[in-house]
Structures are given as structure tokens and as C-alpha cells.
Amino acid sequence: MARRAVTREQLAGAARVALGGGRRLEAVERVAGGTTKGVYRLTMDDSTTAIAYLWDAAENYWPQAEGDDDLTEPFSSGAGLDLFEAAHARLDALGVRVPAIRLLDRDGTHHPADLAIVEDVPGENLEELLERDPRAAAPVMARFAEALEAMRLHRAPAYGKVAVVDGGGTSRGTSCEGVVLERAQRDLAEAASRDPRIANARERLQERLRVLAAAVRPRAEYSVVHGELGPDHVRVDADGNPVPVDIEGLTYFDVEWEHVFLRIRLHDAYRPLAVDGLDEDRLALYMLAQRLSLTAGPLRLLDGDFPDREFMAGIAEHNLNEALELVRA
């Protein structure tokens, strides 16, 4: 469905409570990004700003799919304030810089949907900084590596969404690699139904997934993983600190999943983030799985009314070709 325009009047009360000081909400501006929630910049009459997150069905571009709300599925698209709050608490406890929380509203006091108002981190994201001035980005990347190391070294005895595991729950499946294999098979089937090139290579891709998964050895401890930590999901604050955003998907999982995504998104710029001791078998499985996910996911998103269609189609096309390259003789 098309997104509704959120008005100043709808968020004026929440902004007044969150930012106080006799301030009045002057403007509400939608911020680019956010496929599962609305992201808005709030500007007060004294130029103070904050960011509002709205988890409303009308803000979600993804077509509804079975299991979306099953939080015991590590890769379910379940979103909302509970996931955000648990993820924020975990990262903050690890010393990872995250936007400060100004207000949380899960009771509909200020808006019918789940609402969070957080610190605005203005300026560039890491992707923009790397493109503009790689030398200036170097100290930010060093701090980013420190944050990733803190996440990697924090271990949990179970995998799954941080909100589920920290709450004493358990997740579906028997292993990270098993969950990834099952998801990759679904993504493969979905991509094959939408593109004949994947359909023609389906048996080769299926066999490659099975071979790669069979090579992975069991593991019993898991790290903190953002899951989609591309440079566009890392703001850079005024002190040069990296600030991860879109954190609701935070999970305890194999750290290799995070590093595969970082490699895909950063290319040569990934080098400062590289660490020793990653499992090569997991890296191989997860690379193919993520290529399939980054093909099927954008194609699924295009079934709806996502506005930047050329951009999303480009992501699907690039990763489709990369997936096929992994099974070419």
C-alpha cells in the first residue's frame, strides 16, 4: 500500500514530551530509507532535531509473507519497538555508540503505532564519507572495527533475535548454518520463480548449497550480529564515531554472516574491518546464501509499491549475476 503522509499534528505531542524545554514542533520530514518502518526528522522551533521511528503497517513496503511475525525465526521480518529496545540495550551495554533514546511509546499514548524518538545524528553516513574522503574515513573505520570486535567477542549460548534470546526464549532450527540453508533454499525457489536465469541454474545452485552446508562444523556459541551493517546503516557523529542504525534485526548468530555482508557492501574498503579466525566453510555458504537473499528480497520488494524501483532492481540484478558466478564451471 502507498505510505500515508505523517503530519506535524500527529507527532507534535510526542515531540514536546521527548524534547521538552518549551519547544514546539515546527516540521516533520521523511528521511530516505526504512523499508519496514517510517523514519522522520523532527525539527523544533529552536532548530533542535530528533528522529522518529514509526512501526506502522502503512510504513512497511514488504508484501506480507507467512512467518513474518514469528520472532523465533532468526530471519523473520518482525519489526517493532520491543526488538528495537532490546537491540539498543545490548549494543549500549557493549559500548557501541547508538542514538540516545528520547521517548518510547508502545501504548498508543502519542500515536496508534509503536513509536520511538531518538537522537538525530546529522551529517554523513559512512558510505558517503568513504566516497567523499577515504582518508578522513580511516579513523572512523578504525572505531567501527572496535565496535565490531566488541560485538564479536560477546558470546551467547543460543542463536536468534537478541530480544528472544535475552528474554530467555529459543529460536527455530538446530543451527545457524541450518537456518541459513533453509532460508537460502526458499530464496532460491522464489528467485527462480521470478527470473529464468536463476530457474535454469536452480539445480546447480541447490547442489552447491547442500555441499557447502555439509562442510560446516557444529558451533555452540554465537556473537552479536547486526545482519545488514552496510555503510549506509552507519551514521558518523560529530566526534567521528560510527553509529549503527536500523538495529531491530540484531541477533546472536555466526559472526561470519556479518562479515560476508560487510565484504559485499564495502569491497576494498572492508580491509580495516577484517579479522583472523573466521570459518572459511561458513563464509563460503553464507556468501552464496546472501547473494540469493539479495536477489530474492529486492524482487519481492518490487512486488509492492516501493518507490525507488530502478535502485532496487539494480541490487537484484547485481547479486543475481554474482550468485550465478559462484556456480559457473
- prompt: Are the charged groups of Arg282 and Glu280 less than 4.0 angstrom apart, N to O?
  reply: no
message: Between Val225 and Asp254, is the side-chain contact (heavy atoms from CB on, under 4.5 Å) condition met? List the steps.
response: CA-CA 8 Å; Val225 170; Asp254 285 336; over 6 Å; no
- prompt: Yes or no on side chain to side chain donor-acceptor pair (under 3.5 Å) for His233 and Asp246, after CA distance, side-chain angles and deciding distance?
  reply: CA-CA 7 Å; His233 286 166; Asp246 286 344; 3.2 Å; yes
- request: Mind telling me whether Tyr286 and Phe253 have parallel, tilted or perpendicular rings, with 30° and 60° as the class edges?
  value: tilted
task: Over all heavy atoms of both residues, which pair between Ala192 and Ala199 is shortest? Give the atoms and the distance, please.
output: O-CB, 3.5 Å
message: One thing to verify: whether Arg24 and Asp46 come together as a salt bridge, which I'm taking to mean a side-chain N less than 4.0 angstrom from a carboxylate O.
response: no
task: For residues Pro298 and Ser293, report the shortest heavy-atom separation together with the two atoms involved.
output: CD-O, 3.7 Å
query: Which heavy atom in Asp281 sits nearest to a heavy atom in Ala215, and how many Å separate them?
result: OD2-O, 3.2 Å
message: Counting C-beta onward and ignoring hydrogens, is there a side-chain heavy-atom pair between Leu229 and Glu258 closer than 4.5 Å?
response: yes
query: Is any side-chain heavy atom of Met151 closer than 4.5 Å to a side-chain heavy atom of Leu91?
result: yes
- prompt: Within the distance-only criterion (no hydrogens, no angle test), does the side chain of Arg309 pair as donor or acceptor with the backbone N or O of Leu302 below 3.5 angstrom?
  reply: yes
- prompt: Under 4.5 Å between any side-chain heavy atoms of Val234 and Val245, yes or no?
  reply: no
- request: For salt bridge (Lys or Arg N to Asp or Glu O under 4.0 Å), just list the numbers for Glu119 and Arg97, CA-CA rounded to whole Å, side-chain angles, deciding distance to a tenth of an Å, and then say yes or no.
  value: CA-CA 12 Å; Glu119 169 194 6; Arg97 170 81 162 90; 2.8 Å; yes
message: Assess the residue pair Thr48 and Arg23 against the criterion (side chain to side chain donor-acceptor pair (under 3.5 Å)); give the C-alpha distance rounded to whole Å, side-chain angles, the decisive distance to 0.1 Å, and a yes or no.
response: CA-CA 8 Å; Thr48 298; Arg23 299 180 179 95; 3.1 Å; yes
message: Could you report the tightest heavy-atom contact between Pro242 and Pro244, atom names first, then the distance?
response: O-CD, 3.8 Å
field: N/O donor-acceptor pair under 3.5 Å between Asp105 side chain and His110 backbone
entry: yes
query: Are Val121 and Leu103 co-members of a hydrophobic cluster defined by side-chain heavy atoms under 4.5 Å apart?
result: no
task: Decide salt bridge (Lys or Arg N to Asp or Glu O under 4.0 Å) for Lys161 and Glu248; before the verdict, give the C-alpha distance in whole Å, the side-chain angles of both, and the deciding distance to 0.1 Å.
output: CA-CA 9 Å; Lys161 294 185 185 298; Glu248 300 96 298; over 6 Å; no
- prompt: Mind checking whether Leu283 and Arg263 have side chains closer than 4.5 Å, heavy atoms only?
  reply: yes
task: For side chain to side chain donor-acceptor pair (under 3.5 Å), just list the numbers for Asp70 and Thr72, CA-CA rounded to whole Å, side-chain angles, deciding distance to a tenth of an Å, and then say yes or no.
output: CA-CA 5 Å; Asp70 183 2; Thr72 67; 2.6 Å; yes
message: As an exercise, state the distance from CD of Glu29 to OG1 of Thr49, rounded to the nearest 0.5 Å.
response: 10.5 Å
- prompt: Are the side chain of His111 and the backbone of Ala113 linked by a donor-acceptor contact shorter than 3.5 Å?
  reply: yes
message: Could you check whether Lys37 pairs with Asp114 (Lys NZ or Arg NE/NH1/NH2 to Asp/Glu carboxylate O, under 4.0 Å)?
response: no
Glu85/Arg106 salt bridge by N-O under 4.0 Å criterion: yes
message: To the nearest 0.5 Å, what is the distance between CG on Leu205 and CG on Leu209?
response: 7.0 Å
Co-membership, hydrophobic cluster, residues Leu81 and Leu250, 4.5 Å side-chain: yes
CD-CZ distance between Glu207 and Arg204, expressed to the nearest 0.5 angstrom: 12.0 Å
field: Derivation of the side-chain contact (heavy atoms from CB on, under 4.5 Å) call for Val260 and Ile264
entry: CA-CA 6 Å; Val260 164; Ile264 288 173; 4.0 Å; yes
Sub-4.5 Å side-chain heavy-atom contact between Leu104 and Phe84: yes
Over 12 foreign heavy atoms within 6.0 Å of CD, Glu228: no
- prompt: Should the pair His259 and Tyr270 be assigned to parallel (<30°), tilted (30 to 60°) or perpendicular (>60°) ring geometry?
  reply: perpendicular
- request: Answer yes or no: are there more than 12 heavy-atom neighbours, outside Arg208 itself, under 6.0 Å from its atom CZ?
  value: no
field: Under-4.0 Å salt bridge between Glu128 and Arg132
entry: no
message: As a quick check of understanding, evaluate side-chain contact (heavy atoms from CB on, under 4.5 Å) for Val28 and Gln10, giving each step before the final call.
response: CA-CA 10 Å; Val28 175; Gln10 288 174 309; over 6 Å; no
task: Using a 4.5 Å cut-off on heavy atoms from C-beta on, say whether the side chain of Leu115 contacts that of Ile117.
output: yes
- request: Determine, using the 4.5 Å side-chain heavy-atom cutoff (strictly less than), whether Val179 and Leu285 are members of one ILVMFWY cluster.
  value: yes
message: Hydrophobic clustering (ILVMFWY, side-chain heavy atoms < 4.5 Å, transitive) - are Phe75 and Leu299 grouped together?
response: no
message: Looking at Glu256 and Arg219, is there a salt bridge between them, counting it only when a charged N and a carboxylate O are closer than 4.0 Å?
response: yes
- prompt: Taking 4.0 angstrom as the limit, do Arg194 and Glu190 come out as a salt bridge?
  reply: yes
- request: Supply the atom-to-atom distance Ile247 CD1 to Asp92 CG, rounded to the nearest 0.5 angstrom.
  value: 9.5 Å
query: Considering only heavy atoms from C-beta outward, does the side chain of Trp257 approach that of Gln290 to under 4.5 Å?
result: yes
Could you list the donor-acceptor pairs under 3.5 angstrom formed between side-chain atoms of residues 315-322 and any protein atom two or more places apart in sequence or on another chain?
residue : atom : partner : partner atom : Å
Glu317  : OE1  : Arg197  : NH2          : 2.9
Glu317  : OE2  : Arg197  : NH1          : 2.8
Glu317  : OE2  : Asn321  : ND2          : 3.3
Asn319  : OD1  : Arg291  : NH1          : 2.8
Asn319  : ND2  : Ile315  : O            : 2.9
Asn321  : ND2  : Glu317  : O            : 3.1

- request: Might you point out which heavy atoms bring Gly160 and Ser171 nearest each other, and give the distance in Å?
  value: CA-OG, 3.2 Å
Can you give the donor-acceptor pairs under 3.5 Å from side chains of residues 135-148 to other protein atoms, not counting sequence neighbours?
residue : atom : partner : partner atom : Å
Arg143  : NH1  : Asp239  : O            : 2.6
Arg143  : NH1  : Gly240  : O            : 3.4
Arg143  : NH1  : Asn241  : OD1          : 3.1

- request: Assert yes or no for the condition that the ring centre distance of Tyr252 to Tyr159 is strictly below 6.0 Å.
  value: no
message: Nearest 0.5 Å, please: how far is CE in Met312 from CG in Leu294?
response: 10.0 Å
query: Is there side-chain contact between Ser223 and Leu153, with heavy atoms separated by less than 4.5 Å?
result: no
query: Which heavy atom in Ala184 sits nearest to a heavy atom in Leu292, and how many Å separate them?
result: O-CD1, 4.0 Å
query: Are Arg328 and Glu325 close enough for a salt bridge, meaning some N to O gap below 4.0 Å?
result: yes
statement: One should read off an interatomic distance between Leu19 CG and Arg102 CZ, to the nearest 0.5 angstrom, of 7.5 Å
message: I'd like to know whether Leu42 forms a side-chain contact (heavy atoms from CB on, under 4.5 Å) with Leu25, so could you lay out the CA-CA distance, the side-chain angles of the two residues, the decisive distance to 0.1 Å, and finally the verdict.
response: CA-CA 7 Å; Leu42 311 180; Leu25 181 61; 3.8 Å; yes
